[in-house]
Amino acid sequence: AYLEAKSWYLRADGSESVDYARLLSNLSESYRQLRRIDDAAPLAEESVAIAARLPDMDADTHSMIINNLATVRFSEGRADEAQSLFEQSLELTVNEFGDDHPRTATAWSNIGVTLYAQRRHREAIAPLERALAIMEQVYGPAHGEVAYVLSNLVDVYRAAGEESKATAAQARIDAMQ
């Protein structure tokens, strides 16, 4: 369906529209989830290039497009490039939604996970703790999103040598089940 929509957009709207950039980004994300990274990467790159040329691109869509390219780069094992893109996405997200929005928490979490993948364990703690604080504020202490961030923190704490914090975070997850 996405490929048909891509063809339709090219005929009807041309390749320089917000909707077309969003469509390419969504198609890229679908390919990434299917582990078809070689198909995902050029679509994500094209989507970001289009977004950069569009003055009317809203921050929410622009952030999502950049985030999707970041996830592709992460899947390619290019964590340093993914981190830079996740940081750009965070900036757009904060400007659009504020500091205490769930989307902002997800952006912080993405940065923390990317730092962890780069073996920058101590640096990964602060963004993940920030994500956790936002998720707890928005959803309460026993929500699935909170458990997800806690599970990432367990790994990061252990890798950073903070076993007591890892044990406490794991106990919180266990209490939720």
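Please read these numbers as outputs of a predicted model, since none were measured by experiment.
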Could you give all pairs that pass the side-chain hydrogen bond (donor to acceptor under 3.5 Å, both in side chains) test and reach [range], with sequence neighbours left out?
{"range": "residues 106-115", "answer": "Asn67-Asn110"}
{"range": "residues 84-94", "answer": "Ser63-Ser89, Ser63-Thr93, Gln83-Glu87"}
{"range": "residues 49-60", "answer": "Glu16-Arg53, Asp58-Thr61, Asp60-Arg103"}

Checking [X] now: which residues fulfil salt bridge (Lys or Arg N to Asp or Glu O under 4.0 Å) with it, not counting sequence neighbours?
{"X": "Glu45", "result": "Arg73"}
{"X": "Glu29", "result": "Arg32"}
{"X": "Asp99", "result": "none"}
{"X": "Glu136", "result": "Arg172"}

For residues 74-97, which residue pairs qualify under ring pair (Phe, Tyr, Trp, His ring centres under 6.0 Å), counting only residues two or more places apart or in two chains?
Phe97-His101
Which pairs with one or both residues in residues 125-144 pass ring pair (Phe, Tyr, Trp, His ring centres under 6.0 Å), sequence neighbours excluded?
Tyr139-His143
Give the other cluster members for Ile37, using side-chain heavy-atom distances under 4.5 Å between Ile, Leu, Val, Met, Phe, Trp and Tyr residues; answer none if it is isolated.
Val72
So does Asp80 pair up with Arg120, basic N to acidic O under 4.0 Å?
no
Decide, yes or no, whether a salt bridge links Arg22 with Asp19 under the criterion of side-chain N to carboxylate O below 4.0 Å.
yes
For residues 106-117, which residue pairs qualify under salt bridge (Lys or Arg N to Asp or Glu O under 4.0 Å), counting only residues two or more places apart or in two chains?
none
Please answer whether the main-chain N or O of Ala21 pairs with a side-chain N or O of Ser25 as donor and acceptor at a distance below 3.5 Å.
no
Test of understanding: with side-chain hydrogen bond (donor to acceptor under 3.5 Å, both in side chains), list the residues that count as partners of Arg78, not counting sequence neighbours.
Glu76, Glu81
First locate atom CE of Met135, then atom CD of Glu145, and finally report the distance between them rounded to the nearest 0.5 Å.
4.5 Å
Value rounded to 0.5 Å, distance of CG in Leu153 from CD in Glu162:
10.0 Å
